[in-house]
Amino acid sequence: MSDGSRWPTIRWGAVAIGAMAGLVVGLLAFIVLGVSGLVAPGRGEILLLFVQFLSLVVAGYVAGRLSDTSEVHGGLAALLSAFVSGIISVTSTSVPLAGIITLTLVAAVLGSAGGVLARWQQDATEDS
């Protein structure tokens, strides 16, 4: 909050970098799971969902480390990451709208949690 207003200044670069980090982590994990055979058509959907959630936390964490207001930037980065994932899902398969809305809500929560984790780690390193 550099200008004295109630609203935090958004660093869009941090949001974009966080979202890209989350997408890269998710993509690499999806590739490894597919090549290893743990995920195939008809099995492994729960594992893919877990990886998607983990990538949202990573997006929030990276954006939180690069900003002053970790929670806000983490939530925005995860929302951007979920938006990109949602666009890819909608164009490639028939995903129900309720699934996209749920992903958006979960992304906001998990991204903010990643931002909180980033702030907690920053505070812990400053104290020691």
| said: Quick check on F83: does its CZ atom have over 12 non-hydrogen neighbours (other residues, nucleotides or ligands) under 6.0 Å away? | reply: no
| note | Residues R11 and S67: closest non-hydrogen pair is NH1-CA, 3.9 Å
| task | May I ask you to list the residues sharing a hydrophobic cluster with L56, side-chain cutoff 4.5 Å, ordered by chain and number? | result | L49, F53, V57, L103, V106, L110
| query | S36 side chain to L33 main-chain N or O, any donor-acceptor pair under 3.5 Å? | reply | yes
| What are the two closest non-hydrogen atoms of G64 and A118, and how far apart are they? | C-CB, 3.8 Å
| said: Ignoring hydrogens, what is the shortest heavy-atom contact between S70 and G115? Give both atom names and the distance. | reply: CB-O, 3.1 Å
| task | Decide whether V58 and I17 are clustered together by the hydrophobic rule: side chain heavy atoms of Ile, Leu, Val, Met, Phe, Trp, Tyr closer than 4.5 Å, transitively. | result | yes
| query | Is there a path from V62 to L79 through hydrophobic residues (I, L, V, M, F, W, Y) whose side chains come within less than 4.5 Å of each other? | reply | no
| Distance (rounded to the nearest 0.5 Å) between L76 CG and S81 OG | 12.5 Å
| query | How would you list, by chain and number, every residue that makes a side chain to side chain donor-acceptor pair (under 3.5 Å) with Q121, sequence neighbours excluded? | reply | Y61
| query | If every non-hydrogen atom of I100 is compared with every non-hydrogen atom of G86, which pair is closest and at what distance? | reply | CD1-CA, 4.0 Å
| query | Would a hydrophobic clustering, with Ile, Leu, Val, Met, Phe, Trp and Tyr connected at side-chain separations under 4.5 Å, put V51 with L38? | reply | yes
| remark: d(Q52 CD, L47 CG) to nearest 0.5 Å is 12.5 Å
| field | Minimum heavy-atom distance between V116 and E71, given as atom pair plus value | value | CG2-CG, 3.5 Å
| Does the side chain of L23 reach to within under 4.5 Å of the side chain of M20, using non-hydrogen atoms? | yes
| message | Using 0.5 Å steps for rounding, measure from the CG atom of L28 to the OG atom of S55. | response | 11.0 Å
| query | Looking only at heavy atoms, which two atoms of A63 and A14 are closest? And how far apart? | reply | CB-O, 3.5 Å
| Inter- and intrachain pairs under salt bridge (charged side-chain N to carboxylate O under 4.0 Å, His left out), touching residues 86-97, at least two apart | none
| said: Are more than 12 heavy atoms, taken from residues, nucleotides or ligands other than I31, located less than 6.0 Å from that residue's CD1 atom? | reply: yes
| message | To the nearest 0.5 Å, what is the distance between OG1 on T9 and NE2 on H73? | response | 8.0 Å
| task | Output the distance between atom CG (L117) and atom CZ (R65), rounded to the nearest 0.5 Å. | result | 9.5 Å
